[in-house]
Amino acid sequence: MITKRLLKYFSLSSLLFLFISSCSPHHPQSTFTNAGPVAQAQSELFYLMFWIAGIIFVVVQGALIFALLNFRRKENPIPGSDFKLPDIPPKQVHGNTKLEILWSIIPLLILVAIMIPTVQVIYETYEPPENSDPLEIVAVGHQWWWEFRYPDEGIVTANELRVPTNRPVKVTLESQDVIHSFWVPQVAGKQDTVPGNTNQMWFQVDKPGNYSGQCAEFCGIAHARMRFRVIAEEEADFNVWLNAMKTPPKTATSDGYGLFLAHCSMCHSIDSYSDGSYEKEITVQDARWADWYDNQEESARVSAPNLTHLGIRTMLAAGEKDMTRENLIAWIKNPSDIKQGTRMQSVANVYKGGAANLKEHEVEAIADYLLSQIPDGWGSIAASTESLEEAEAMVWNTPEEHGEYLFGNQGCSGCHSLNEDEVIVGPSMYGLIDRSASNTEGLSAEEYVYQSITYPNEYIVDGYAANVMPQIFVNLSEEELNALVSYLKTIK
Ligand code: CUA
């Protein structure tokens, strides 16, 4: 008896603990930490309803308790006497017009008071504010991962949604298979993705950081493992990423590349950084899906996450693990160990329903190849953005001095030597300005150098290949670009 009661007590209190801890504002998926205006508006609506309901609860329960204590039928109303109350019901209020009007009107007023802000917030959270310049995103739910498309930028990626801070993000929601639900609790309420139909919502993130997302509609065996991440960055850092996503990776081929082509490339795209790859990816993704849908027994392909520049992703298997070499190797070997239900294993020939039919060194080669998929110049850009505040605090006496700093800090020195005739990757900078005078008609030597930094493919020096130098320096400010040119003029 006592153990039963204890058990009941413990299970109740643990349930209560679970309930309370899920509301903690420090939880990564708490709706009580608001990271932007949409979450804020929805939160305020919740609090309004919470307090109205709370007051009603207290008033109703208070009246009930008051009535129970004061008007209960007493067994022995006059102590010391045998007097008993007669067995008749108390005075009834049924049919009292005044009372009935009163208790119809009060709830009506309460509901109207809730409805007005609710409808307002529904409209506010549907379309980004007028005159704002929203970033357009298409989020496609798949069993069991997320595809994120940037139609205006021509970028496709998976499971990690990069967005700029302080700018509305308009999300068009689609699904290829079943109903999923796009939910980033700190950022905005959930919205379903429905096959054959599009939904929309928007959100905005105020502060840079990672925000945890989760599919919020049961969609099959791996539903709980259909996570994603919103990575919010300052506009400048976000633009670095946008440009990096359109830049080829540093390493061209390796042993792993051949293995990837043979075993993985029918489902995963890896090279969506050139012009036209956006449309190509959408077409091929539909074809993969159609193949699998039409013949689930025999199809060797199914729609799968785009792996372009996987080396800069932070997580693996739709948020199940951190992106490390060790985890990636374990994932390639036996994905179902990490995420039960993944189609990777049931579809790709290399698995045939079991562990990968590959040797240890082959798995490692594929993992290394994938991790080497990093946009050219990314490390130096990332390093330079980390020290952004430091750099802002630095003072240069001359533009040349500033340029010299940038030449090292922006990674130029990694490919361009300052010594005569020494080639690292690109041409030496020695005597650049004298050579440049005659390179492009109509441009001064300075203008030519400036153009070579911002649009390197406009003119390619004889003997060097195009598309090698990253086109990401467009992001430097006018002042920085001019400083670099001033510095390069001094190298002779
Ligand atoms: Cu997708 Cu649950």
Side-chain angles (χ1 to χ4, degrees), residues 18 22 27-31 38-39 42 125 137-150 156-163 169-203 210-231 267-269 281-282 285-286 288-293 296 299 301-307 310 313-323 327 331 335-348:
L18 199 72
S22 63
H27 193 276
Q29 293 197 169
S30 168
T31 50
V38 172
Q42 289 166 337
T125 52
I137 299 278
V138 180
V140 188
H142 294 270
Q143 282 172 319
W144 290 272
W145 57 280
W146 292 91
E147 180 179 346
F148 296 123
R149 302 176 185 159
Y150 297 68
V156 187
T157 188
N159 301 324
E160 283 177 28
L161 178 62
R162 292 226 185 198
V163 299
V169 179
K170 184 176 169 185
V171 192
T172 304
L173 297 153
E174 297 176 9
S175 168
Q176 203 175 44
D177 37 47
V178 300
I179 300 178
H180 305 271
S181 185
F182 180 93
W183 190 32
V184 192
Q186 295 189 15
V187 162
K190 45 187 94 157
Q191 189 74 259
D192 281 1
T193 74
V194 183
N197 184 46
T198 53
N199 270 342
Q200 80 168 61
M201 62 180 286
W202 75 279
F203 66 82
N210 291 344
Y211 300 89
S212 184
Q214 165 75 54
C215 175
E217 179 73 49
F218 181 71
C219 54
I221 188 167
H223 155 69
R225 299 198 158 101
M226 188 173 161
R227 297 184 207 162
F228 60 104
R229 179 174 279 176
V230 170
I231 301 176
C267 301
H268 295 286
S269 305
E281 173 70 354
I282 290 172
Q285 201 70 284
D286 285 343
R288 286 171 189 147
W289 174 251
D291 253 20
W292 184 81
Y293 188 77
Q296 300 184 13
S299 174
R301 60 177 192 167
V302 66
S303 39
N306 190 305
L307 302 184
L310 189 86
R313 300 248 183 102
T314 60
M315 38 177 232
L316 184 68
E320 195 55 26
K321 294 270 178 194
D322 287 338
M323 182 65 78
N327 287 342
W331 171 250
S336 300
D337 265 2
I338 290 173
K339 187 166 159 182
Q340 199 190 0
T342 170
R343 295 223 171 102
M344 191 161 158
Q345 212 147 3
S346 57
V347 173

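Ligands are counted one by one from 1 in listed order, and the atoms in each one are counted from 1 as well. This structure is a prediction, so every number in the text was calculated from the model and none was measured.
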- [ ] Please calculate the O(Glu217)-atom 2 (Cu) of ligand 1-ND1(His223) angle and round it to 10 degrees.
- [x]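 Angle O(Glu217)-atom 2 (Cu) of ligand 1-ND1(His223): 90°, rounded to 10°.
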TODO: Could you tell me whether atom 1 (Cu) of ligand 1 has an N, O or S atom of Thr193 under 2.8 Å away?
DONE: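 So Thr193 does not bind atom 1 (Cu) of ligand 1 by this criterion.
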- [ ] Identify the heavy atoms of Gln176 and Val140 that sit nearest to each other, and give their distance.
- [x]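 Shortest heavy-atom separation between Gln176 and Val140 comes out as N-CG1, 4.2 Å.
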TODO: Please note down the angle at atom 1 (Cu) of ligand 1 between SD of Met226 and SG of Cys215, to the nearest 10°.
DONE: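 About 110°, to the nearest ten degrees.
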- [ ] Would you name the N/O/S atom of His180 that lies closest to atom 1 (Cu) of ligand 1?
- [x]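 Going by distance to atom 1 (Cu) of ligand 1, the closest N, O or S atom in His180 is ND1.
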TODO: Hey, can you tell me if Phe182 and Phe148 have their rings parallel, tilted or perpendicular (30° and 60° cut-offs)?
DONE: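 Rings of Phe182 and Phe148: perpendicular, over 60°.
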Open item on the list: With no hydrogens and no angle check, just 3.5 Å: does a side-chain donor-acceptor pair link Arg225 and Thr342?
Closed with: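 Note: Arg225 and Thr342 side chains miss the donor-acceptor criterion.
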Open item on the list: Going by ring pair (Phe, Tyr, Trp, His ring centres under 6.0 Å), His223 matches just one of Trp145, Phe218, Trp144. Which one?
Closed with: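 It is Phe218; the other options fail the test.
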